[in-house]
Amino acid sequence: MLKEKMEKALNEQINEELYSSYLYLSMSAHFQDINLPGFANWMRAQAQEELMHAMKFYDYIMERRGKVLLKQIKTPDYTWESPLAAFEAALKHEEYITDRINNLVEISIKEKDHASHIFLEWFVTEQVEEEASVDDIINRLKLVGASKGGMFMIDRELGKRGFTASSTGDE
Ligand code: OFO
């Protein structure tokens, strides 16, 4: 059985993950609007991945016989001044999520909830990957600057990203 404090914090994280999905879906729509289909594809896959993160928390709360409480999801931004600005916003958001995950780990330690601690380890590793992959795209965008050819190449590259449940750690 989950302790109240842990259950509340895990429920809040479902909302954060759903907001992450919303934010990236909004970025995907924006990229589609400005004719960058590869960027749109990357963000759409990211939105799906965030939905899987939310469901991992959802399933875990259920498994521990806790109560899932879904709250209102806030409205994300819908436009960014450049692809670089969007990815910088994504990195800032991921850094915020990393802090949240670390905070959840802290609670699990304080509450002596070893099962939750082990469950959260997957997210600790995932955040390292998430920040690194967004940072990599930021660096590539900085490298090409205003070059249309460079932007086209990155767009083509990001268009290759697919989404599979296994990319989230689920088989
Ligand atoms: Fe982007 O990792 Fe979940 O939120």
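Numbers here simply count residues along the sequence, with the first being 1.
The CD1 atom of Ile118 sits 6.5 Å away from atom CD of Glu121, with the distance rounded to the nearest 0.5 Å. In this structure, the separation between CG on Asp136 and CD on Glu129 is 13.0 Å, given to the nearest 0.5 Å. One finds the CD atom of Glu106 at 9.0 Å from the NE2 atom of His117 (value rounded to the nearest 0.5 Å). In this structure, CG on Leu23 lies 12.0 Å from CD1 on Ile73, to the nearest 0.5 angstrom. Note that the CZ atom of Phe57 and the CD atom of Gln13 stand 4.5 Å from one another [nearest 0.5 Å]. If you take CG on Leu36 and CD1 on Ile154, they are separated by 10.0 Å, rounding to the nearest 0.5 Å.
Met27 and Ala89 make their closest contact through CE-CB, 4.0 Å (heavy atoms, listed as atom of the first residue, atom of the second, distance). Smallest separation of non-hydrogen atoms from Glu7 and Gly66: OE2-CA, 3.1 Å. Between Leu104 and Met6, the shortest heavy-atom distance links the atoms O-CE, 3.7 Å. Between Ser26 and Pro76, the shortest heavy-atom distance links the atoms CB-CG, 3.9 Å. The two residues Trp80 and Tyr78 have their closest heavy-atom pair at CZ3-C, 3.5 Å. Between Asn11 and Lys67, the shortest heavy-atom distance links the atoms ND2-O, 2.8 Å.
At least one side-chain heavy atom of Lys142 sits less than 4.5 Å from a side-chain heavy atom of Glu88. Considering only heavy atoms from C-beta on, Gln127 stays 4.5 Å or farther from Asn102 through its side chain. Between Lys71 and Ile14 there is no side-chain heavy-atom pair separated by less than 4.5 Å.
Cluster membership check: Phe152 does not share its hydrophobic cluster with Leu84, using side-chain heavy-atom separations under 4.5 Å among Ile, Leu, Val, Met, Phe, Trp and Tyr. Linking Ile, Leu, Val, Met, Phe, Trp and Tyr residues whenever their side-chain heavy atoms come within less than 4.5 Å leaves Leu69 and Leu51 in two separate clusters. Ile138 and Ile97 fall within the same hydrophobic cluster, where Ile, Leu, Val, Met, Phe, Trp and Tyr residues are linked whenever their side-chain heavy atoms come under 4.5 Å apart, directly or through other members. One hydrophobic cluster, built from ILVMFWY side chains closer than 4.5 Å, holds both Phe119 and Val124. If you chain together hydrophobic residues whose side chains sit under 4.5 Å apart, Met153 and Ile34 never meet in one group.
Side-chain atoms of Glu126 and His53 form a donor-acceptor pair, as typed in the model, at a separation below 3.5 Å. For the residue pair Glu50 / Gln46, a side-chain donor-acceptor distance below 3.5 Å is found, with atom types taken as modelled.
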*Stepwise side chain to side chain contact (heavy atoms under 4.5 Å, CB included) test for Thr98 and Glu131*: CA-CA 9 Å; Thr98 299; Glu131 285 190 26; 2.6 Å; yes
*May I have the step-by-step check of side-chain hydrogen bond (donor to acceptor under 3.5 Å, both in side chains) for Ser116 and Tyr60, ending in yes or no?*
CA-CA 9 Å; Ser116 293; Tyr60 178 72; 2.8 Å; yes
*CA sep, side-chain torsions, deciding dist, call: Glu49, Arg161, salt bridge (charged side-chain N to carboxylate O under 4.0 Å, His left out)*: CA-CA 12 Å; Glu49 204 169 302; Arg161 179 179 182 184; 2.9 Å; yes
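Salt-bridge annotation for Lys8 and Glu12: present, with a side-chain N of the basic residue lying under 4.0 Å from a carboxylate O of the acidic one. Between Asp135 and Arg140, no side-chain nitrogen of the basic residue sits less than 4.0 Å from a carboxylate oxygen of the acidic one, so the salt-bridge criterion is not met. Taking 4.0 Å as the cut-off between side-chain N and carboxylate O, Glu95 and Arg100 do not count as a salt-bridged pair.
Listed for the Asn15 side chain is no donor-acceptor partner under 3.5 Å among the backbone atoms of Leu70. Between the side chain of Ser28 and the backbone N or O of Ala40, at least one donor-acceptor pair lies under 3.5 Å. For the pair Ser21 (side chain) and Glu17 (backbone), a donor-acceptor distance under 3.5 Å is absent.
The side chain to side chain contact (heavy atoms under 4.5 Å, CB included) with Asn103 is formed by just one residue from the set Val105, Ile101, Ile107, Asp99; it is Ile107. For the salt bridge (charged side-chain N to carboxylate O under 4.0 Å, His left out) with Asp113, the lone residue among Arg64, Lys5, Lys3 that qualifies is Arg64. Remark: of the listed residues Tyr24, Phe87, Phe31, Phe87 is the sole one forming a ring-ring contact (aromatic ring centres under 6.0 Å, His included) with Trp42.
With a 6.0 Å radius and a threshold of 12 heavy atoms from other residues, nucleotides or ligands, Tyr22 has its OH atom at or below the threshold.
Residues His30 and Phe39 place their aromatic rings such that the two centres sit no closer than 6.0 Å.
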